[in-house]
Amino acid sequence: ALQLDTSWSTMKRTEYTRPIELTEAIHRLGCGWVQIKVILLTGCIWLADGACLLLLGSVALTVAQEFHLSAVQRGLLMSIVFMGIFVGNLVGGALADKVGRRLPMLAAFIGIFVFAVLTTMVAGFHTMLSVRFILGIFLAVGQPAASVMTAEVVAINRRIHMFSIGLAFFTFGELYAVGLMCADDVQLARQNWRWLVKMGALPCAAFFCLATRLLQESPAFLLASGRKDEAEEVLQAMYVENRQPGIVRLMALPGVGTPTRKPIPTLEVLSRFQFLVSPKLRFVTLTVSFSYFTQNFIMYGGLYAFPQVLPEVGTDIPPAIALGWAAFAELPGRAFGLVVGACLTRRLGVQAYLGFSFLVSLLLVLPLLHPLSATRLSHSMGLLLRGAVDASKLFVAMGYCLLCCFTAELYDTPVRATGTAVCMAVGRLGAIAAPVAFECLIFATGSPISFMCVMAGLCLINM
């Protein structure tokens, strides 16, 4: 009996100390405090994004009146932010694959706080454009790192859960912004825009302090960089935090950190971008990128358009409250994305999102097919906008969860952040185009219906 007990103990000790692949080590890690920390800290990136973008869009009219801007200049003030986001996504992806996931996130927090405050201190249109462009860069530089970090610290079958919860922080950021708007002016007519923007950026200072203390580097990045000992050390600390037994020993990746080859952090930047457009990944990258483009045009076009259109509709609901209700509509979308992603494969899940996008397009287009009198037009517009805001928020939130999870799983570790960044950056072109398209269509037609038709058309093309 003693011999059997000794053999069993030896087998268990061998099981917990033998070299294993990173995927198995992450699976054994389970779910616990480590995942909670990652959700909170990566979610804060999305929270800052949601709060700042909604506030910048909601104060567009007030800023335009103060600086005596034309409609095109007013749209450009928001589009320049998305141009910065486009650059920030590309830079952030390259940085996350070069220096790690942690540093871009820390830079994002401190950069958002500093440049959001500077935005309120500038005295001219061109200076504000420059500052807002840099603010956009910092709004996006941490997003690829946050996305891949979310996927790299949890087992594959739990990734959609992490993304759904983490991206819900974007909604929490919007709700925080709505709370600020309600405290300032619920009708959005006489806004103290400088106070709103400063308060919207204030939490980033606290997030920076928390992330500096609590955020660990991704073990997947460390292992892919040839830093196997550091990866094991980080994973061992994670095991302790999650109260998992065993001593972590990882199998080195082939060709990385071998005795005859100097460890390299990742592929060269240009090689990573070339790999993404290689015949093997070209079609998938283009398809996912266009899905991001449609999602961004609808999401961020709505963030810019609805705060301006809702006060003109003439409903009994104050505009700020209506924006808060629309933000709440995203939460069922996140939950719906979780259910769809857990029950279907990633490909089928994205196809389901495209199907729901088609339903949203019907919601937007069908009311426009019936001739209406001038009296009923205002009421119909109110109903159309209310349905458009709620439905687009819900389904776009669902689609974004699925797209983020699918993109993070699409690419290998050395190019994962870069691939995610490229898809996100192409999507930001939709966000760049949306504010200027809205202003130009309003100027040309005098009605936001044309902008809704463009949104519906993109949904149909994406389908």
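The structure displayed is predicted, hence computed values, not measured ones.
In this structure, L214 and K37 approach most closely via the heavy-atom pair O-NZ, 3.4 Å. The two residues F221 and D97 come nearest to each other via the heavy atoms CE1-O, 3.5 Å. Looking at every heavy atom in both residues, A108 comes nearest to F138 through CB-O, 3.5 Å. Scanning both residues, F133 and V87, for their nearest heavy atoms gives CZ-CG2, 3.9 Å. Smallest separation of non-hydrogen atoms from V153 and Q35: O-NE2, 2.7 Å. The two atoms that bring L235 and I26 nearest to each other are CD2-CD1, 3.9 Å, heavy atoms only.
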### Message
What verdict does the side-chain contact (heavy atoms from CB on, under 4.5 Å) test give for K228 and E233, after you've listed the backbone C-alpha separation in whole Å, the side-chain angles of each residue and the deciding distance to 0.1 Å?
### Response
CA-CA 9 Å; K228 178 172 170 290; E233 183 180 347; over 6 Å; no

### Task
Please step through side-chain contact (heavy atoms from CB on, under 4.5 Å) for the pair I156 and H27, ending with a clear verdict.
CA-CA 8 Å; I156 294 175; H27 181 77; over 6 Å; no

### Query
Could you go step by step and tell me if E217 and R227 meet the salt bridge (Lys or Arg N to Asp or Glu O under 4.0 Å) rule?
CA-CA 12 Å; E217 186 55 82; R227 297 151 65 181; over 6 Å; no

### Task
Check the pair R416 / E152 against side-chain contact (heavy atoms from CB on, under 4.5 Å), numbers first and verdict last.
CA-CA 10 Å; R416 181 173 293 146; E152 290 174 347; 2.8 Å; yes

### Query
Going through the checks in order, is the side-chain contact (heavy atoms from CB on, under 4.5 Å) test met by E24 and L22?
CA-CA 5 Å; E24 183 179 349; L22 178 64; over 6 Å; no

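The CZ atom of R132 lies 10.5 Å from the SG atom of C52; values are rounded to the nearest 0.5 Å. Taking CG of L55 as the reference point, atom CH2 of W195 lies at 9.5 Å (rounded to 0.5 Å). The distance from atom CE of M424 to atom SG of C404, rounded to the nearest 0.5 Å, is 4.5 Å. We find the CZ-OG distance between F163 and S147 to be 4.0 Å, quoted to the nearest 0.5 Å. Remark: L47 CG to C204 SG distance equals 8.0 Å, nearest 0.5 Å. Note that the CG atom of L180 and the CG atom of L196 stand 6.5 Å from one another [nearest 0.5 Å].
No side-chain heavy atom of L338 sits less than 4.5 Å from a side-chain heavy atom of C401. With a 4.5 Å cut-off on side-chain heavy atoms, L402 and I160 count as touching. When side chains are defined from C-beta on, R101 does not count as touching L215, because their heavy atoms never get closer than 4.5 Å. Inter-residue side-chain proximity for M181 and D184 is flagged as unmet; no heavy-atom pair is nearer than 4.5 Å. With a 4.5 Å cut-off on side-chain heavy atoms, M78 and I80 do not count as touching. Using a 4.5 Å heavy-atom threshold, the side chains of V426 and F290 count as separate. At a threshold of 4.5 Å between non-hydrogen side-chain atoms, the residues L135 and L56 count as touching. Looking only at side-chain heavy atoms (C-beta outward), L40 and F169 come within less than 4.5 Å of each other.
In this structure, R159 contributes its side chain and T150 its backbone to no donor-acceptor pair below 3.5 Å. Checked by atom type and distance alone, the side chain of S164 never pairs as donor or acceptor with a backbone atom of H161 at under 3.5 Å. N296 contributes a side-chain N or O that, together with a main-chain N or O of Y292, makes up a donor-acceptor pair within less than 3.5 Å. Side-chain atoms of Y239 come within 3.5 Å of backbone N or O of A25 as a donor-acceptor pair. Side chain of N242 to backbone of L29: a donor-acceptor contact under 3.5 angstrom is found. At least one donor-acceptor pair closer than 3.5 Å links the side chain of S291 to the backbone N or O of T287.
Just one of L139, I137, V131 meets the side-chain contact (heavy atoms from CB on, under 4.5 Å) condition when paired with F115; it is V131.
Identified under the side chain to side chain donor-acceptor pair (under 3.5 Å) test for residues 201-215, with sequence neighbours left out: none.
For the residue pair R428/Q143, the side-chain donor-acceptor check at 3.5 Å is satisfied.
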